[in-house]
Enquirer: 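Pasting a structure below so you can have a look.
Just so it is clear, the structure is predicted and the values come from calculations on it, not from any experiment. Note on naming: letters A, B, ... go to the chains in the order of the sequence lines (proteins, then strands), and numbering restarts at 1 for each one.
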Number of protein chains: 2
Amino acid sequence: MGKVFLFLDTITNKVDTKGRVSLPADYREIVKELSTDIVCYRSLTAPCIEGCTENLLAKLASEMENSLDFFSQAQDNLTNLIFGDARKFGFDSTGRIVLTEKLLKHAQITDSAVFVGKGRKFQIWNPENWAKEEARIRNDALKNRPSLTFAKENN
Amino acid sequence: MGKVFLFLDTITNKVDTKGRVSLPADYREIVKELSTDIVCYRSLTAPCIEGCTENLLAKLASEMENSLDFFSQAQDNLTNLIFGDARKFGFDSTGRIVLTEKLLKHAQITDSAVFVGKGRKFQIWNPENWAKEEARIRNDALKNRPSLTFAKENN
DNA sequence: TGGTATAACATGGGAAAATATGGTAATCAA
DNA sequence: TTGATTACCATATTTTCCCATGTTATACCA
C-alpha cells in the first residue's frame, strides 16, 4: 500500500482580526505531499466548517458525472449545494489560511478555532461548541458501541 | 492525480449598464490553465445563466457520437437546445465578460449577478432569486439527508 | 537526567500585488 | 456618420505575500 494521508488530532489555534488562522503543520504536510489544495465549506449538519482536499472534491465531481446524467435535477441540487459553498484556501509561507466571514459566522468562530481530524476530512469548530459536541459524541459512543464499531471499520 | 479544475464558491459581482461583469478570478484561472473558453447559455431548468468550458461541451458532443444509444431522444433534443443557445464569452484584460440581453433577461439580472460554482459548470443568478433557490435546496437536503450522505461518503 | 541549543511553529503587523469596477478611447459594421 | 462593440486606462478596495517576533517542541550534549 502507498503512503497514507489522514487528517488527525485536535488542535486549537488563534484567529486574528483578518480571519487568519494557522493550518496545523500536519495538515499542511498532506497538502504538500498530494500537490493539492484545501477546500472548506459549511457543514450541512453541524455548526462547524468542514474541510478536505480539492482532490477529494474532484473525485466526487467525477463520480457524479458518471452516475447521474448531464441534465438531472438531483445533480443540479447537489452540485449547487456542495461546489457552490466550497472554496479553495491556499496558505501563505507562514502556513495560514484566511477564513471567510460566511464560514466564521456559520461556525460561530471569533478569536479561536479548533481543528478536528476526521481522516479524509477535518472540521473547524468554535472551542466551546466543540467541547460540548465531543462530550455528546463520547457519551453516545459508550451507549452504542456495536454500531459505532461497525461504522468505523466500514471504509 | 493531475491538476484539478473545479468551479467553486458563490461570488457576487456588479453588472454595469453595458452588461459587463467581472468573471471571478478563480474561474479565469481555469480558463487560462486549460487554454479554453467560457461558454454560456440559458439554463433549461431554472431562471439563470449556465456556463462551462468549451472543453466540456466538446466532451458532451463526443459522448453523443460514441454512444448513441446512451442518450435518449429527449436528451438529444436537449443537447441541441444547448448547442444552439450557447455562445463563447472571452474576457478582456481586466477580466470582464459582456453578457447579452437575451441571457440577462432570462435570468432577470439587472445590476448585480451571483456566480455559483457547480464543479464542471457554474451558474449566474439574480441575487434575490439565488437566495430563494439556495434556501430551497438546503431545505430539501436536510429532509433527504440519506441520499446526500451517500453521495458525499461514496469515495 | 537535566539543561541548553536548535529548529519548527504560531502570530502580529505592514508592504506589495491582485481584483473589481467606473470611465474613456479605439474599432467595426451598418 | 452613427450606434454598437471591444480594448484600454485609472483607481479604490480587497487579498495576498513577506518580514519580525514570541512561543513551543525537538535534538543534542554534559
Enquirer: Between C/dT19 atom C1' and B/D9 atom CG, what is the distance in whole Å?
Expert: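 Value for this atom pair: 14 Å.
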Enquirer: Using side-chain hydrogen bond (donor to acceptor under 3.5 Å, both in side chains) as the criterion, list what pairs up with A/D16, not counting sequence neighbours.
Expert: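 Result, side-chain hydrogen bond (donor to acceptor under 3.5 Å, both in side chains) vs A/D16: A/R20.
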Enquirer: Which sits closer to the 5' end of DNA chain C, A/D26 or B/E29, going by the nucleotide each is nearest to?
Expert: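 The residue whose closest nucleotide sits nearer the 5' end is A/D26.
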Enquirer: I need the CZ-P distance between A/R87 and D/dT15, as an integer number of Å.
Expert: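 Rounded to the whole Å, the gap is 7 Å.
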Enquirer: Can you list every salt bridge (Lys or Arg N to Asp or Glu O under 4.0 Å) pair that touches residues 77-93 of chain B, not counting sequence neighbours?
Expert: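 Qualifying pairs, neighbours excluded: B/D37-B/K88, B/R42-B/D85, B/E54-B/K88, B/D85-B/K102.
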Enquirer: Going by distance alone, is a donor N or O of one side chain under 3.5 Å from an acceptor N or O of the other, for A/W130 and A/E128?
Expert: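 Short answer, no.
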Enquirer: Flag the pair A/F91 / A/S22 as yes when at least one side-chain heavy-atom distance between them is below 4.5 Å, and no otherwise.
Expert: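 Not in contact.
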Enquirer: Atom CG of A/D92 and atom P of C/dG12: how far apart are they, to the nearest Å?
Expert: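 In whole Å, C/dG12 P and A/D92 CG are 13 Å from each other.
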Enquirer: Once you measure the plane-to-plane angle for A/F122 and A/F115, does it fall in the parallel (<30°), tilted (30-60°) or perpendicular (>60°) bin?
Expert: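 Aromatic pair A/F122/A/F115 classed tilted.
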Enquirer: Side-chain donor or acceptor of A/K18 under 3.5 Å from a matching atom on the base of C/dG14?
Expert: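 Per atom types, the contact qualifies.
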Enquirer: When you get a sec, tell me which of C/dG12, C/dT19, C/dG22 is the closest nucleotide to the side chain of B/A25?
Expert: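 Nucleotide nearest to B/A25's side chain: C/dT19.
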Enquirer: Could you state the CZ-C1' distance from A/F91 to D/dT15, rounded to the nearest angstrom?
Expert: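 Computing the A/F91:CZ to D/dT15:C1' distance gives 17 Å.
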Enquirer: Salt-bridged, A/E63 to A/K59, with N to O below 4.0 Å?
Expert: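 Answer for the salt bridge query: no.
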Enquirer: Nearest-Å distance, CG (B/D16) to P (C/dT19)?
Expert: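 Rounding to the nearest Å, CG of B/D16 and P of C/dT19 are 19 Å apart.
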Enquirer: Measure up the A/F7 and A/Y27 rings against each other and bin them: parallel (under 30°), tilted (30 to 60°), perpendicular (over 60°).
Expert: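 Perpendicular: the ring planes of A/F7 and A/Y27 meet at over 60°.
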Enquirer: Which whole-number value in Å describes the distance from A/N13 CG to D/dT23 P?
Expert: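 Taking atom P of D/dT23 as the reference, CG of A/N13 is at 16 Å.
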Enquirer: Just the rounded figure in Å: distance from C1' of C/dG13 to NZ of A/K14.
Expert: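 One finds 15 Å between C1' of C/dG13 and NZ of A/K14, rounded.
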Enquirer: Of the residues in residues 94-110 of chain B, which ones touch DNA chain D at a heavy-atom distance under 4.0 Å?
Expert: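 Contacting residues: B/T94, B/R96.
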Enquirer: Return the value, rounded to whole Å, for the distance between atom CZ of B/R28 and atom C1' of C/dT21.
Expert: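 About 12 Å, once rounded to whole Å.
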Enquirer: Between C/dG22, C/dA10, C/dG13, which nucleotide gets closest to the side-chain atoms of A/R20?
Expert: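 Taking heavy atoms from C-beta onward, the closest nucleotide is C/dG13.
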Enquirer: I want to verify a distance call: between C/dT11, D/dC8, D/dC18, whose nearest atom is closest to the A/S22 side chain?
Expert: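 In terms of side-chain proximity for A/S22, the closest of C/dT11, D/dC8, D/dC18 is C/dT11.
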